[in-house]
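Here is the structure we will look at, set down as structure tokens.
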Amino acid sequence: MAANLLEVNNLKTYFYTRGGVVKAVDDVSFIMKPGQTLGVVGESGSGKSVTALSVMRLIATPPGKIAGGEILFNGENILDKSRDELTELRGSKISMIFQDPMTSLNPVFTVGYQIAETVKRHRKDVSNEQAWRRAVEMLDLVRIPDAKRRAKNYPHEFSGGMRQRVMIAIALACNPQLLIADEPTTALDVTIQAQVLELMKGLSQEFGTAVMMITHDLGVVAGTCQYVNVMYAGHIVESAPVKQIFQTPAHPYTVGLLQSIPRVDDARGARLTPIAGQPPDMVNIPQGCPYAARCPKVQARCRQERPELQLVGRGDQSAACFYPN
Amino acid sequence: MAQFLIKRLIGLVFVLVGVTFITFIIGYAAPGDPIQEMLGNHFNLAQYMRLKHSYGLDLPWYQQYFNYVFRLLRGDLGYSFQTVNRPVFAILQDGLPTSLELGLWGLLVQLIIGVPLGILAALKSGTWIDTLSMGLAIFLFAVPSFILASLFQVAIVYLHLSFGVDWPVSGWGNTWQYSPTDIQTKIGPIIIYAAIGLAYFARLTRTSTLEILRQDYIRTARAKGLKERIVIYRHAMRNALIPIITVLGVSLGFLVSGAFFTENVFNISGIGYITIQSIYTRDYPVIQATAVLLATAVVLGNLASDLLYTVVDPRIKVS
Amino acid sequence: MVQQVQKTKAIGTTLVDVKGLKVHFPVKGGLLGRTVGQVKAVDGVDLFVRRGETLGLVGESGCGKSTTGRAILQLIKPTAGTVKLDGVELTTASSNDIRRKRAEMQMVFQDPYSSLDPRYTIGQIISEPLENFKRGNAKEIQEEVANLMETVGLNPFYVNRFAHEFSGGQRQRIGIARALALHPSFVVADEPVSALDVSIQAQVLNLLQDLQGKFGLTYLFVAHNLSVVKHISDRVAVMYLGRVVELAKSESLYETPLHPYTQALLSAIPVPDPEVELRRKRIILEGDVPSPVNPPSGCNFHPRCWKAQAICREVIPPLEEKQSNHYAACHFPG
Amino acid sequence: MDTHDHKPETNASGFIAPTSNAVEPEFELSTVPGHENAAPIPEEAAIADSAPIDPKPKKSRTPFQESLRRFRRDKRAMISLIVILCIVVIAILGPFIYHHIGGLYKQQLGTHIIGPDVYHTYDHQELDRAHEMPSPQYWLGTDGIGRDILARLMQGMLISIVLAVVVEIVDISLGITVGVLAGYYGGWIDQFLARLADLLFAFPGLLFIILVAGILGGWADDTLGAVPVIGAGGNARLLLISIVLAFTSWPLMARYVRGQTLQIKEQQYIEAARTSGTNDLTILTRHIVPNLFSIVMVASTLNIAGTIIGEAGISYLGLGVRPPGASIGLMISDASQSLSAYPWELLVPSLTLVIIVLSFSFIGDGLRDAFDPHSKD
């Protein structure tokens, strides 16, 4: 068994706002193996993006702060690294692409420049021409037609899907070991989403890059990921290989999520079973299981103690629930 | 982009027509008869008619206006009412170099101090540096330059009385010359003059820098592993400068308005001083000429900042 | 009451009939701000909605689906075409007549945040249409508001609260209550759940379905999410670049799509089932959607279509009934 | 205060050199919980679906009241507001009280015995009592021709306030009307506004005011001077100046209002109102104008500062209020004639002006922060 590429232990990322402390990520632990594709699923405010940004150490400080835990990347704790060591790591070993391709590229530089800049930053021995050639090569790789000419264009001259390809080119330009994709296709149309997902899948396999795919779309997870973490209110509530998540979900939240989404391959009219109520107020999460207020299987114990993530006895599947399915 | 420029140019022509018309109408509608005043006690009808005709004041108003505009287009600004036979052009020629010098230094000081001050405040936002520099900016923005000038002069007088410091209280020295005395004389007016624009630029730069630092592409730049210095000076500054360039035109308005007060407080015989003097003496041709001149300067400044804008922001070129 | 009148009419007859609907927005440009082009947002849409059914209108961003919904309600003046509501022509009606007609046609909006005026209480928001149409005195309106709130699953206790105190899903319920206040026969729901979290989406979708059963409503359900559309619609119309390319019963459209674009669209939707995902074959379309300012000639899908022939570049395929009750605008369907 | 004290270290290119002690913000705003996806969760927890836990109907705040509460928490703005209120009270009520304070006084040059209702007026001269420092008789001293500085100051403040009110009334009513129409309907009114704004930006407002005040000032003295109240005591030109100040400021207000109207127009609640059968006039008055309140309030407060400086400047140049009238600008101008010997006379009006202007700026900033926390400057 290969060593872990990423190991997150008891990560706590809090935001100190005027309204109170938002425990956006509270005691989250998980691992990623080299080359693995991990899906992180959850609704807005569940802490999935904050988890990713914590791994990149891109949390805005203030108001955010990584309040505890460790993030081991290749065995080294990222939280102990100096700012210089961090910048060495970012973009070369770990890269990230973001949700909104329209605003994620700097409008005043050509896309070629923005790719070449990353290459120059991390490969000291590379000349400007070599960096530029690499940029064109990357644009070609993400299937931007006429890459040589398009490299000289500015971001506003590209469509949303094309810009997301450019972002992927930037992210993969230095062959990172880990690519964090934060809702990379949420802003895109479904046909463009298919293009981009296909591209990411192909390239990550080609480069041997591990991918952390953050999304709220269970369909995207089913099609692209090997392993899935389900997050709710700052906690991982279930963690399992993709098949088990969808076939034998253990946590009531995962079950609820799967029952509440309409499927294109369903028969029409089958009534959805929504999850009752609202997600909890992140400033005052009640004690006990954060899902207790909405859970159909809630017991007295759930309102008292918070369940830990533990194996449910079906191989590599664990859930944070006292009464898993 | 050519279209953008042509569009701006058409706008400029419109503005200039508006400016000439306003200045003309104000002069035309002004009460009192300048020729009569000019003649004063030497009034005689024949001479009155002759002068009135030679100044073209006996024509209907629209003809006077067209004559005025056509003369303007030829660069002929007419003659002063105050000093008979003195071309307005010559009067302006006396004041212009001084005003230009003042304006140029003022703008330079505004940018060189204001912009870095704003960046600094933004980078240190929330710290005492931010509070202090923005406090200073608010103060400078709120205190009219004639008060600043007076305070400056009080301070000089006080320093002179208590410590025997010799520092010129007013004047400008020799235009475009920089002997130690000249420099000494010029420093005060320039700083007072630049104060309001400096404050404006500092606040604007701070706001726009903070805004840019919040953008997604700055996060991208950090995620690429760029050094913080590069993120700020290359990725953030290029973008933060765009709004600053767009308001350069507005700041020219400040410069022109400021000139009236600074030149009058310090007795600097530039365009602002000349304008106010002409207003006291009702020398309409001079007033009209300076108004048109200043408005043209602002309009050209706006055009220049538009041009610069297209250089800095690639998004302009296509739209 | 409007409701009763409506019930006397047979379910299944045509309520809304749209023919040749076009909405072109001028592109200003040049030196004098003249119109230099047209954004052909909607470029010849034909469709009809039957009484009591839900017609799903689906397509990618910029295809003109929302504009179509608004043009039907005369919130945007159509450039050409006819829109009949219950046999009454709307495009030529005066603005006063249209305002009167609004009691019968309502809209549920996409954005639960910007669709409620932040200065008004829930009660004021829901009662606005009632007051416009003078449906009773103050007390009656107050009672009606309480009724409506209960109908959409909100506690009438909160009638004096402001919208910002509610969550997205609850705000969407308020919007639905406002739309139902006048007992309309026809409701355009413009992406009513796309701004909501998945667990909340289901609550709102169920509510819409329940209300349809209760009041015999007719929906035009505009959305980009094909799974949601399939779930709620009896029939579905697929739009591409300002035109309806396929219109059919939901089952028939999803099982045997005839238009290549529909086929690609359906194959692109991720299914939350890894087994299915593994087996699926995707049709990945090349390139982006062309600009509606300068759409391609002929069938405007031809540059991205793998079946395109010479005729596709030249002749606009009409929306024809290719199978029973299954319309498609394609020269080579199937 | 010296600008150079805080001048940042600059390197050759004029940029700040990064210093070792620089606390670079580690990272800027990334994702804040609740803003992860499209829909932000409101600060307050959403109301629970279930029956109310608290049976007492809690009085809830409108967003407007929320903003007011934020404004009230802004200490700087609240202090400024109190200062302005004090100034208004002093300017309006001050003279009435001051006229009754101080006993009779026997003039040295004349033979009259005069009471405080005479020597505590802004235009009364006691030529042998020039350049005095504060005393029980003259609380803030006298100016170069023996006029009571406090009396003049109160009159000057009154002038500033009256002018600000007049200008703001014109500014707001014209600005809202034209701005809303231009924003809501577009068309020629929009074009007209755009051109006017262009002209205004190119033609410095002050230059225009100076031109009008300079050229038409004499006429105003002659005609308006005869009008009672307005024209008395050298204030004739004020009307002229306020008209011109209002004229140069409303297009800016209209532009703000237009921009805001365009933004509100895009909100779906406008479309929803139309769908509900609400007519245009009702949409304008019920849904658009009320939502303009905050921007108009912010813009007009900041404009007041400009108006007051403008009037002071014009009077300083001698083109505004004429002697014997009193205006802060005129007092500064008078005092600067003899500033080296009597700096006190300069300091009093200067400080007053600075306090008024700063207070309005702070109130404006506070309002903006409170009502529109997302856009600064």
Side-chain angles (χ1 to χ4, degrees), chain A residues 49 52-53 55-60 62-63 83-111 113-123 152-157 163 166-167 169-171 173-174 176 179-180 182 187, chain B residues 1 4 115 119 121-131 205 208-246 305-319:
Chain A
S49 284
L53 290 165
V55 172
M56 289 295 278
R57 292 234 357 232
L58 280 173
I59 296 292
R83 195 205 305 255
D84 279 349
E85 288 169 325
L86 267 178
T87 59
E88 295 284 342
L89 207 61
R90 283 189 212 137
S92 76
K93 297 274 170 31
I94 312 178
S95 17
M96 185 159 179
I97 54 180
F98 300 97
Q99 175 175 350
D100 190 353
M102 303 313 273
T103 57
S104 292
L105 291 166
N106 195 324
V108 301
F109 297 110
T110 62
V111 298
Y113 175 86
Q114 295 188 53
I115 304 170
E117 183 184 41
T118 318
V119 178
K120 277 288 287 177
R121 165 71 184 94
H122 296 293
R123 302 275 182 277
K152 291 183 198 126
N153 287 8
Y154 289 91
H156 68 269
E157 297 167 82
R163 288 193 211 188
V166 173
M167 281 300 291
I170 292 174
C174 298
L179 170 66
I180 301 177
D182 186 2
Chain B
M1 174 159 136
F4 170 77
V115 172
I119 296 172
L123 293 182
K124 308 277 166 83
S125 86
T127 68
W128 64 271
I129 296 178
D130 182 26
T131 316
T205 309
S208 92
T209 307
L210 281 178
E211 179 65 32
I212 296 296
L213 287 176
R214 231 176 276 134
Q215 297 298 312
D216 282 353
Y217 53 78
I218 294 301
R219 189 175 58 182
T220 306
R222 290 192 174 121
K224 292 200 303 195
L226 299 182
K227 293 221 163 85
E228 193 60 22
R229 202 153 39 99
I230 305 279
V231 171
I232 286 168
Y233 293 108
R234 201 182 290 157
H235 284 259
M237 279 341 293
R238 254 315 269 285
N239 288 286
L241 284 178
I242 293 172
I244 296 168
I245 285 166
T246 58
S305 92
D306 280 344
L307 276 175
L308 211 57
Y309 181 42
T310 61
V311 174
V312 183
D313 192 343
R315 280 165 295 191
I316 285 298
K317 279 174 193 146
V318 281
S319 57

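Convention: sequence-line order gives letters A, B, ...; per-chain numbering from 1.
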query = By a 4.5 Å heavy-atom criterion (distance strictly below it), what part of Ile170(A) contacts chain B: side chain, backbone, both, or neither?
reply = side chain
key: Which portion of Met102(A) sits near chain B, non-hydrogen atoms under 4.5 angstrom   =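 Looking at Met102(A), nothing touches chain B.
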Could you report the tightest heavy-atom contact between [X] and [Y], atom names first, then the distance?
X         : Y         : result
Arg234(B) : Phe109(A) : O-CZ, 3.6 Å
Tyr217(B) : Leu105(A) : CB-C, 3.4 Å
Pro107(A) : Asn239(B) : CG-OD1, 3.4 Å

ask   = Nearest 0.5 Å, what's the CZ-CG distance between Arg222(B) and Leu53(A)?
value =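 Rounded to the nearest 0.5 Å, the CZ-CG separation comes to 12.0 Å.
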Spatial distance of atom CG (Asp216(B)) from atom CE (Met167(A)) [nearest 0.5 Å] = 9.0 Å
Engaged part of Ile230(B) at the chain A interface, taking heavy atoms whose separation is under 4.5 Å =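 For Ile230(B), side-chain heavy atoms alone lie under 4.5 Å from chain A.
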key: With Asn106(A), the side-chain hydrogen bond (donor to acceptor under 3.5 Å, both in side chains) member among Gln215(B), Arg238(B), His235(B)   =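 Result: among Gln215(B), Arg238(B), His235(B), His235(B) is the only option passing the side-chain hydrogen bond (donor to acceptor under 3.5 Å, both in side chains) with Asn106(A).
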query = So which of Gln114(A), Glu88(A), Met96(A) has the largest heavy-atom pair count under 4.5 angstrom toward chain B?
reply =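 Heavy-atom pair counts peak at Gln114(A).
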ask   = Any donor and acceptor pair, going by atom type alone, linking the side chain of Arg219(B) with main-chain N or O of Leu58(A) inside 3.5 Å?
value =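 Absent.
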query = Can you tell me if Thr118(A) uses its side chain to pair, donor with acceptor, with the backbone of Lys224(B) under 3.5 Å?
reply =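 Side chain of Thr118(A) to backbone of Lys224(B), a donor-acceptor pair under 3.5 Å: no, none is there.
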task = Using a 4.5 Å cut-off on heavy atoms from C-beta on, say whether the side chain of Lys227(B) contacts that of Asp84(A).
result = yes
